[in-house]
Amino acid sequence: MDFNSIEEKWQKIWEDEKVFVSTDFDKKPKFMGLIEFPYPSGVGLHMGHIKAYTSMEVISRMKRLQGYNVMFPIGWDAFGLPTENFAIKNNIAPRIATDNNIKNMKAQLKRVGFSFDWSREVDTTDDKFYHFTQWIFSKMYEKGLAYRSKAFVNYCPNCDVILSNEESQGGVCDRCSCQVVQKEKDVWFLKIREYANRLLLGLDNLDYPARVKEEQRHWIGKSSGAEVNFIVKVDNKEIDTLKIYTTRCDTLFGVTFMVIAPEHPLIEKYKDKIANIKDVEAYQIKTKQKSEFDRVQVNKDKSGVKLEGITAINPLNKKEVPIFIADYVMMGYGTGAIMAVPAHDNRDYDFAKMYNLPIVPVIEGGDVSKQANTDISDGKLINSDFLNGLSVKEAKEKMIKHLVELGIGCAKDNFQMKDWAFNRQRYWGEPFPIVYCDKCGTVLVPEKDLPVKLPAIENFKPSKNGESPLAQVEEWVNCECPKCHGKAKRETDTMPQWAGSSWYYLRYMDPNNAKEFANIENLKYWGPVDWYNGGMEHVTRHMIYSRFWNMFLYDLGLVPFEEPYKKRSMQGLVLGEDGNKMSKSLGNVVDPMDIIVKFGADVLRLYTLFMADYECSTPWSSVNINGCKRFLDRVERMQDFVDEFNGVHPEHIADLNVIIDKVTNDILSLKFNTAISSLMTFVNKIYQDKFISREEFRIFLTLLYPFAPHIAEEINEILGFKTYICKSKWIDKLQDDSVKNIAFPVQINGKMRGTIEIAENSEQDVVFEKIKKNDKFASYLITPVKKIIFVKNKIINIIV
RNA sequence: GUAGAUAUGGCGAAAUUGGUAAACGCACUAGAUUCAGAUUCUAGUGGGAGUAUUCCCUUACAGGUUCAAGUCCUGCUAUCUACACCA
């Protein structure tokens with residue numbers, strides 16, 4: 001069979017008949033299946049796309065036949081650095097490069113035969129789309145959730161450009177390999193931290209795999225503890241306080257020194273009072289030169305400088321302790337200051353040993369002369385005044401109460417998650433709807449002037465001095481202030497790649513709306529997304545960002561559901577044939593388009609699902625794929641066995657029921673491999689029997705259709721059926737009144753001794769009588785029977 | 001370092017969740033078809049013993065619970081993934 005012409009033929013029929021176009025407000029139950037929309041790269045589709053999309057493809061095809069109004073949308077996540085770099089390298093405008101790539105990948109996706117609803121296609125770089133990305137940002141700005149502030153960023157002094165964490169891995173610049181330093185810069189932040197607790201709690205009611213929830217929880221990183229104000233003593237006068245954060249306020253009596261981050265404002269404040277300010281400043285400079293990467297290395301040696309002239313006083317026991325600065329304390333977490341309890345913390349312990357500071361155990365157990373006792377989730381308090389003898393839990397509660405009474409502290413939750421740095425010094429991204437006016441300050445571009453269009457420019461290389469290329473486009477930068485109509489300048493940074501993808505699924509629900517990002521009625525009908533399949537790599541950033549945007553829009557009453565995705569699943573990787581990740585440098589990349597040329601789209605789809613459990617990472621095999629090719633050939637030749645029988649042969653009812661059951665259930669639990677293997681078993685059976693009726697064949701083809709739709713439709717037509725499978729109904733289980741015999745396993749003393757043929761649902765007595773009469777088992781039953789374990793339809797175990 | 005996951009034939013993998021381990025596919029062997037090869041069809045295929053009905057062993061390794069363990073528990077080894085000075 002010529003798969004090329006067949007696949008082309010049916011792809012055209014499906015498109016002409018608009019089989020995959022979903023209608024708003026249809027009375028049928030809705031199902032929205034979402035896949036992570038692709039980045040249109042010059043390389044085109046890779047195996048990962050095929051695997052990621054084929055699952056939702058199979059589910060969508062089945063759900064349509066099951067009577068659902070299925071939306072399976074597709075679009076392009078097209079802003080971002082790779083396109084910009086490609087454009088710079090090949091000297092082609094990013095707009096044109098993007099359009100070319102989209103055109104190419106669209107043709108490829110269609111060639112695989114994916115049942116996407118192309119009428120809802122979105123493109124994040126289309127101004128009709130980013131109009132509303134900007135609009136949502138405006139709302140965040142209005143609600144105080146977007147703010148601009150100074151922050152330290154990775155900066156390459158050689159290239160004169162700001163780098164993202166991804167671009168500065170290992171503390172080295174991606175392009176020139178020189179040492180990255182920290183530079184203070186104006187940064188736009190989104191206050192995602194304000195949503196941290198809701199993002200955490202929301203997880204409880206979502207149908208995400210456990211490891212996804214685990215990773216998101218870890219990313220949010222909630223910890224419960226307390227803030228405590230220590231007294232700061234300068235020039236022997238108690239004139240200030242230092243706020244610290246601790247999860248272990250029960251250990252307050254074990255504090256022997258304090259550590260603050262090198263950037264802590266206390267230093268600047270008492271600059272003149274610090275005797276060794278030169279050493280301190282030298283240390284600060286050293287810290288700045290370290291990249292974030294270096295600074296968070298666990299096993300590096302502890303270092304720090306003692307502040308001479310400033311000390312802290314423990315508000316509980318009034319003991320005076322020294323203050324250090326050290327880069328193991330981060331300004332960005334907690335209060336940027338900690339109380340050090342060296343007896344029970346490894347970092348503090350190392351530090352105390354190095355600077356010869358006292359170590360006071362406050363929880364019993366361990367030997368602090370040798371190492372820190374960190375096994376302190378339980379235990380009794382010691383050396384701790386009014387806490388002595390209490391358990392850790394009791395001590396924490398009592399201490400917090402005490403702190404509140406004295407007015408020197410309170411309970412406080414902290415989150416690992418940082419606010420979202422939201423600007424990039426790049427061309428190929430959404431411009432901010434922000435202008436700066438000398439008179440009015442930061443001004444939002446009014447709604448009527450949106451979108452702020454990204455201008456076409458000549459030179460889109462990042463500029464020296466770390467500014468976006470847009471800064472060079474004077475006629476765009478200089479504008480009128482919307483407030484005072486005086487001279488103003490536009491924000492020249494653009495939004496990061498994660499912006500458009502934070503709300504694209506909402507746009508699918510109403511893709512052509514020019515007035516608003518989506519109509520609330522459409523959102524009520526389609527939302528939330530019923531099932532979202534994607535990669536593990538997007539579980540933290542993309543998924544959390546979009547949950548955050550969705551919650552924000554929900555709070556404004558613009559989206560009728562708080563959580564965007566009801567259910568999440570993930571595909572395993574398709575590895576190279578050598579078992580490594582597919583990569584250009586290893587030369588182990590398999591191009592799906594080559595497979596289609598050789599085997600056709602049906603075989604490609606079938607094999608990617610058959611090769612292993614969907615969630616496992618498995619190597620590609622150019623040999624094993626032949627099995628799927630052979631299977632489809634055998635299906636085709638099964639036509640030779642078609643007889644004149646009208647209806648379903650009674651002897652095939654049970655076999656058909658097995659595949660109906662298997663395929664229907666396995667698809668919904670992502671067990672495509674076993675669904676396909678059951679279809680193979682059925683075909684093998686027909687080859688044994690050498691007969692099959694047309695009706696049986698059609699049932700089989702309907703079940704095959706989600707996996708290999710082209711060949712299923714073709715054979716269906718050849719068999720003379722007038723209705724396309726794509727317009728047919730899914731198959732329900734057949735009525736089966738026959739009494740079945742089963743091979744019933746028999747164990748003697750827990751050892752398998754064979755099987756016995758019995759009627760299904762036979763009771764213990766009947767089975768045992770039959771076993772006694774059977775020669776094979778009789779010899780084992782000479783000794784008296786002690787006990788019989790019988791599980792209906794499962795097993796019998798006779799103990800003698 | 002911390003957390004999580006995984007470990008089954010020559011290979012990719014199944015196992016109704018404690019009930020016939022290795023379904024299905026690949027590879028391989030034999031036979032048929034063919035001038036021949038490819039394709040296709042049929043049979044076989046975890047290891048060991050035996051002419052054979054059959055018996056013994058086998059799910060990384062060592063123990064345990066149970067009538068029954070790939071599945072549960074304890075220990076141990078290896079691999080993978082994510083996070084990482086989290087105060």
Side-chain angles (χ1 to χ4, degrees), chain A residues 210-212 214-215 217-219 221-223 225-226 244-249 251 258-259 261 295-302 326-330 332-341 344-348 350-351 414-417 536-537 539-540 572-573 575 579 606-607 610-613 615-631 633-634 637 661-662 665 671 673-684 687-688 742-755 775-776 786-800:
Chain A
R211 62 188 170 129
V212 172
E214 201 47 50
E215 224 174 273
R217 285 195 184 108
H218 194 259
W219 177 269
K222 180 175 176 170
S223 68
I244 60 97
Y245 175 73
T246 177
T247 55
R248 296 301 302 255
C249 60
T251 63
M258 312 288 287
V259 187
R295 222 173 135 182
V296 298
Q297 288 306 294
V298 185
N299 294 325
K300 78 173 169 50
D301 291 336
K302 300 282 173 288
D327 63 4
Y328 80 87
V329 174
M330 309 286 158
Y333 184 75
T335 60
I338 61 160
M339 60 180 216
V341 186
H344 303 293
D345 180 282
N346 287 327
R347 292 160 300 161
D348 295 348
D350 291 348
F351 200 86
N414 239 317
F415 295 93
Q416 247 352 92
M417 189 167 66
M536 200 64 198
E537 69 275 20
V539 157
T540 44
L573 298 175
L575 304 171
L606 202 64
Y607 180 61
F610 178 68
M611 57 198 287
D613 184 287
E615 292 177 305
C616 288
S617 297
T618 313
W620 178 263
S621 165
S622 56
V623 180
N624 286 10
I625 191 174
N626 285 305
C628 290
K629 166 78 177 146
R630 253 170 243 164
F631 167 64
D633 288 347
R634 272 164 79 85
R637 280 195 304 274
D661 208 53
K662 257 324 230 178
N665 295 325
K671 292 185 161 288
N673 53 338
T674 48
I676 294 166
S677 80
S678 74
L679 292 174
M680 290 172 166
T681 307
F682 179 81
V683 171
N684 292 345
Y687 270 68
Q688 295 286 324
I742 53 172
F744 193 73
V746 178
Q747 290 186 344
I748 313 285
N749 289 341
K751 259 196 171 1
M752 268 303 301
R753 290 299 168 185
T755 58
D775 296 342
K776 193 164 145 193
K786 267 198 215 151
K787 193 177 169 189
I788 295 175
I789 291 103
F790 178 81
V791 185
K792 203 185 207 173
N793 293 332
K794 284 262 171 81
I795 205 160
I796 186 165
N797 189 3
I798 303 165
I799 314 300
V800 295

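Below, read A as the first sequence line, B as the second, and so on, with proteins coming before strands; counting in each chain starts at 1.
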Practice task
Tell me what A/Arg211 touches on the nucleic acid: a base, only sugar-phosphate, or nothing, going by heavy atoms under 4.0 Å.
Solution key: nothing
Exercise for the section: Please state how far atom OH in A/Tyr687 lies from atom C1' in B/A43, giving the value in whole angstrom units. Expected result: 17 Å
Handout entry: Any A/Lys671 side-chain nitrogen or oxygen under 4.0 Å from OP1 or OP2 of B/A15
Key = yes
Practice task
Select base, sugar-phosphate, or nothing to describe what A/Lys222 touches, counting heavy atoms under 4.0 Å on all strands.
Solution key: nothing
Problem - Shortest side-chain distance from A/Ile338, nucleotide among B/A15, B/C57, B/A87 - result: B/A87
Practice task
Kindly point out which of B/G12, B/A14, B/U42 is positioned nearest to the side chain of A/Pro619?
Solution key: B/G12
Completion exercise
Regarding the side chain of A/Phe610, the nearest nucleotide among B/A87, B/G25, B/A15 is B/G25
Practice task
Compare the minimum distances between each of B/U40, B/C56, B/A13 and the side chain of A/Thr618, then state the nucleotide with the smallest one.
Solution key: B/A13
Practice task
Evaluate the ring planes of A/Phe744 and A/Phe790, with Trp represented by its six-membered ring, and classify them as parallel (under 30°), tilted (30 to 60°) or perpendicular (over 60°).
Solution key: tilted
Handout entry: Length of the line joining A/Ile625:CD1 and B/A13:P, which is rounded to integer Å
Key = 16 Å
Completion exercise
Regarding the side chain of A/Val623, the nearest nucleotide among B/C67, B/C55, B/C26 is B/C26
Practice task
Mind checking A/Ile789 for me? I need base, sugar-phosphate or nothing, with any heavy atom below 4.0 Å counting as a touch.
Solution key: base
Exercise for the section: Look at all strands and tell whether A/Lys786 reaches a base, only sugar-phosphate, or nothing, counting heavy atoms closer than 4.0 Å. Expected result: nothing
Exercise for the section: Mark yes or no for whether A/Asp345, through its side chain, and A/Val341, through its backbone, hold a donor-acceptor pair below 3.5 Å. Expected result: no
Problem - Any A/Asn684 side-chain N or O less than 4.0 Å from OP1/OP2 of B/G25 - result: yes
Practice task
For A/Asp613, answer base if it contacts any base atom (sugar-phosphate contacts may also be present), sugar-phosphate if it contacts only those atoms, and nothing otherwise; contact means non-hydrogen atoms under 4.0 Å.
Solution key: sugar-phosphate
Exercise for the section: Write down the distance separating the P atoms in B/G64 and B/A27, rounded off to the nearest Å. Expected result: 43 Å
Practice task
Give the rounded distance in Å between these two atoms: CH2 of A/Trp219 and P of B/U2.
Solution key: 22 Å
Practice task
Quick one: label A/Asp348 by what it contacts on the DNA or RNA (base, sugar-phosphate, nothing), any heavy atom closer than 4.0 Å.
Solution key: nothing
Problem - Candidates B/C67, B/A87, B/A27 - which lies nearest the side chain of A/Arg630 - result: B/A27
Exercise for the section: Look at all strands and tell whether A/Glu214 reaches a base, only sugar-phosphate, or nothing, counting heavy atoms closer than 4.0 Å. Expected result: nothing
Practice task
Measure from CG on A/Asn624 to C1' on B/G10 and round the result to the nearest Å.
Solution key: 12 Å
Completion exercise
Checking B/A87, B/C24, B/G12 against the side chain of A/Thr681 (C-beta onward), the nearest is B/C24
Handout entry: N/O (side chain, A/Lys751) to phosphate O (OP1/OP2, B/C57) under 4.0 Å
Key = yes
Exercise for the section: Answer yes or no: does a side-chain N or O of A/Arg753 lie under 4.0 Å from OP1 or OP2 of B/C56? Expected result: yes
Practice task
Indicate, with a heavy-atom threshold strictly under 4.0 Å, whether A/Asp345 touches base, sugar-phosphate, or nothing.
Solution key: nothing
Problem - Whole angstrom value for the distance that separates P of B/G18 from CG of A/Asn793 - result: 18 Å
Exercise for the section: Verify the ring-centre separation between A/Phe351 and A/Tyr328: is it less than 6.0 angstrom? Expected result: yes
Practice task
Give A/Ala340 one of three labels, base, sugar-phosphate or nothing, depending on what nucleic acid heavy atoms sit under 4.0 Å from its own.
Solution key: nothing
Completion exercise
Applying the 3.5 Å cut-off to both distances, the Watson-Crick or G-U partner of B/A21 turns out to be none
Practice task
Would you please confirm or rule out a distance under 4.0 Å between OP1 or OP2 of B/A43 and any side-chain N or O of A/Gln688?
Solution key: yes
Handout entry: Candidate nucleotides B/U20, B/U42, B/A87, ranked by approach to the side chain of A/Val329 - the nearest
Key = B/A87
Practice task
Measure the distance from CZ on A/Arg637 to C1' on B/U40 and round it to the nearest whole Å.
Solution key: 6 Å
Exercise for the section: Go through B/A87, B/A13, B/C67 for me and flag the one nearest to the A/Lys787 side chain. Expected result: B/C67
